[in-house]
Number of protein chains: 2
Amino acid sequence: MNPTIKDVAKHANVSIATVSRIVNGLPGYSEETKKKVQQSIEALGYQPNAIARGLINKRTQTIGVLFPDVSGMLSSEVLEGVENAAHDGGFSVIVCNTTSSGKRTVKYLRLLQEKRVDGIIFASEDVKEEYYKIFQEMKVPVVLVSTASSKYDLPFVRVNDFDGAFQATEYLIQKGHKVIGMIGGSDEDPIAGVPRMQGFQKALENNGLSFTNSHIKKNEGYRFQNGKESLPLLLKKLPDMTALFAASDEMAIGAMSAAHELGIRVPEELSIIGYDNLKIAEMCYPALTTVSQPLKDMGQTSGEMLVSLIIGEQQEAKSRYMPFTIVERQSVSNFRDK
Amino acid sequence: MNPTIKDVAKHANVSIATVSRIVNGLPGYSEETKKKVQQSIEALGYQPNAIARGLINKRTQTIGVLFPDVSGMLSSEVLEGVENAAHDGGFSVIVCNTTSSGKRTVKYLRLLQEKRVDGIIFASEDVKEEYYKIFQEMKVPVVLVSTASSKYDLPFVRVNDFDGAFQATEYLIQKGHKVIGMIGGSDEDPIAGVPRMQGFQKALENNGLSFTNSHIKKNEGYRFQNGKESLPLLLKKLPDMTALFAASDEMAIGAMSAAHELGIRVPEELSIIGYDNLKIAEMCYPALTTVSQPLKDMGQTSGEMLVSLIIGEQQEAKSRYMPFTIVERQSVSNFRDK
DNA sequence: GCGTTTTACGTAAACGTTTACGTAATTCCC
DNA sequence: GGGAATTACGTAAACGTTTACGTAAAACGC
């Protein structure tokens, strides 16, 4: 259907080897034949077949990216970075939406294996043994983004969640707050759950502030609804709370929404700091002060890391902790005794 | 490296043809050899090579999706739907972030052509002649989502923007509003720009309300900042405006933010209706009343349409207008004379 | 001007499948 | 029980490339 290298060769009266060499910029032909062949390519509209290339080169110039939730705002930004880096490195990216399901994840990994992708980016989830085994079978580089693995030695790109939570809490303390609550994740979540709660606790303790179980409302998810439902519950246990650290922006905004409904003014009566710095953080009112994860950058960096592992620039990738910053907007105020 | 069909054949003492038949569920072997071969497959951990398959079948089981902005909230939701449909149909999806650049778009199309994708989904942008030529060269089905083309005959999946805008405006009118402004897109945008402004105008005229150029503030983009900057300008020209239709949720929320800063209460003093029903629409405060586009559904539908075109279930796809609804939240109130 | 190196190609194998075709053995029909 | 139809395979070509190897001609060195 499409013209092949053979058609070009015939049209230009040379061998397919010569055409191949010219197409790939290898040496071994005169300037004259090069022109002739290029004209034939132009005339026939020849496009090399990446499939055939892949078969012989054992390189598909394609990577796979697995997200628990492609349409999540966190994933989308990371994806943009990954795609950008991949494209710059000459790779295409296949997206996989695992919906946090182990079965689906395995199915996708098998698919990526059959498709012979050259590498994998695994985002925002814990690496189960099952997954790791497939990684090993596949013998392609893998880099984790926005997650890490304690059990397995896989390079990651992420921010230090403990530090982020610690700093966020310190920030509230510096603003004069004494009674600070947290809307957190789950004890079962080693990525965004535990470390953020530990960072929070540590900051309180370091500053001689009280910390009890009542200071944290845990949640299974990190969504708007989780935050919205958590605020009233947290306020019940911690009525004189003046500041709140939420383990995600969505939860922070959910809490903000609940506060509005309860007639609690933000930040005058309740200061709120989030975590992530999603696009919505600057769109809500009051604009959300939050711990900024450089999501697009993280995607970009993990993408670059992966391609450099694939093309063999480096043998072992060095994991990277990305810098976070606290971006100050309007949801946190100084605490003043009334 | 990985075991091939040959290894399996040798291990099971049969020919590669037999292995192939068994793997693909074709007839032509005894129950006995089937078991034997399956054991060999298991023992060696054989995975068929999709690249080699693609070469001979001329099918890669892969589609390409082009977005102007992958990380946009609109794109992400559409992408989720597309990915879901594709996966159900046995296809993988390669994402491409065109950043609305013609050059990049062409580069991506060429890449998808070389990679021999089986079909293309083209989202949210106008189809330029250049693109259409490549579509034709590629000889693969294309479906448009969240866009359409007047010049070229390509199947699309979208909502009727004129109607959506018309209904949104009617809704405000039913609420008793007489002076209604709009924050719109650009006259150069035939997709989301012109029809939404026309729908707005038509609704006003149908109801005997005044419409002038001052009723619409046009914008190059549809982002938060566009909305935020537009509100003051619009208010200057239309000081007694009591309701506002924004051509996107982001702009609506931008306007809401500006209103907060100007001390204008929403919805008591200014009602706002958006367009899209992004996830943020229910997260802002007050929650945004908006025209809901079934984004995920649109993605899903376009994905299904594309696979059915690829596998030849249908020859010609019928374009589909998806139903929109107005989801009522808290940003619109009844107008009461003061 | 003769041997040696270099240049400019062409030939053919290889990548891992699918599948048309061939063939021997089995089953079937009467 | 003998010919026809069926079953259960195997052989080899094909898909569109890349690339190792071979070779004739040209260029070079002295």
Side-chain angles (χ1 to χ4, degrees), chain A residues 1-38 40-41 44-62 90 111 113-118 138-139, chain B residues 1-38 40-41 44-62 90 110-118 138-139:
Chain A
M1 197 67 79
N2 280 308
T4 75
I5 200 171
K6 271 185 201 165
D7 300 321
V8 176
K10 203 171 296 173
H11 186 275
N13 251 316
V14 296
S15 75
I16 58 172
T18 299
V19 178
S20 175
R21 282 189 274 256
I22 289 168
V23 169
N24 294 294
L26 300 173
Y29 46 81
S30 68
E31 204 48 40
E32 194 182 0
T33 58
K34 180 177 176 182
K35 246 177 225 156
K36 199 172 51 176
V37 168
Q38 281 176 332
S40 297
I41 287 176
L44 301 177
Y46 167 72
Q47 291 278 128
N49 182 326
I51 300 301
R53 274 185 170 168
L55 184 57
I56 196 154
N57 290 335
K58 287 150 173 338
R59 271 283 192 78
T60 53
Q61 301 295 121
T62 305
L111 194 68
Q113 188 175 18
E114 289 195 12
K115 291 240 162 106
R116 299 297 192 264
V117 295
D118 300 325
M138 291 179 73
K139 300 188 198 81
Chain B
M1 198 69 76
N2 280 307
T4 75
I5 200 171
K6 271 186 199 163
D7 301 321
V8 176
K10 203 171 296 174
H11 187 275
N13 252 316
V14 296
S15 76
I16 58 171
T18 299
V19 178
S20 176
R21 282 189 274 257
I22 289 168
V23 169
N24 294 295
L26 300 172
Y29 45 84
S30 67
E31 205 46 42
E32 195 183 359
T33 57
K34 179 177 176 182
K35 245 176 225 157
K36 200 172 50 177
V37 168
Q38 281 176 333
S40 298
I41 288 175
L44 300 177
Y46 167 73
Q47 291 279 127
N49 182 326
I51 301 302
R53 274 185 170 169
L55 184 57
I56 196 153
N57 292 334
K58 287 150 173 336
R59 271 280 193 80
T60 53
Q61 301 297 119
T62 305
R110 290 288 174 210
L111 194 68
L112 294 175
Q113 187 176 20
E114 289 194 13
K115 291 240 162 106
R116 299 299 194 261
V117 296
D118 300 325
M138 291 179 73
K139 300 188 197 80

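The basis for the numbers below is simple: all heavy atoms, side chains too, and nothing from hydrogens, waters or symmetry mates.
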Results of side chain to side chain donor-acceptor pair (under 3.5 Å) for [X] - residues two or more places apart only:
X        : result
B:Gln47  : none
A:Asp118 : A:Thr60
A:Thr4   : none

Excluding sequence neighbours, so at least two apart, what forms side-chain contact (heavy atoms from CB on, under 4.5 Å) with [X]?
X       : answer
A:Ile16 : A:Ile5, A:Lys6, A:Ala9
A:Asn13 : none
A:Leu26 : A:Arg21, A:Asn24

What bend angle does the helix from C:dG1-D:dC30 to C:dC30-D:dG1 show across its length, from five-pair end axes and to the nearest 10 degrees?
-> 20°

Just distance, no hydrogens or angles: give the donor-acceptor pairs under 3.5 Å from side chains in residues 31-38 of chain B, sequence neighbours left out.
{"residue": "B:Thr33", "atom": "OG1", "partner": "B:Ser30", "partner atom": "N", "Å": "3.4"}
{"residue": "B:Thr33", "atom": "OG1", "partner": "B:Ser30", "partner atom": "O", "Å": "3.0"}
{"residue": "B:Thr33", "atom": "OG1", "partner": "B:Ser30", "partner atom": "OG", "Å": "3.3"}

Could you run down nucleotides 13-22 of chain D 5' to 3' and tag each one B, S or - for protein heavy-atom contact under 4.0 Å?
-> -BBBBBB---

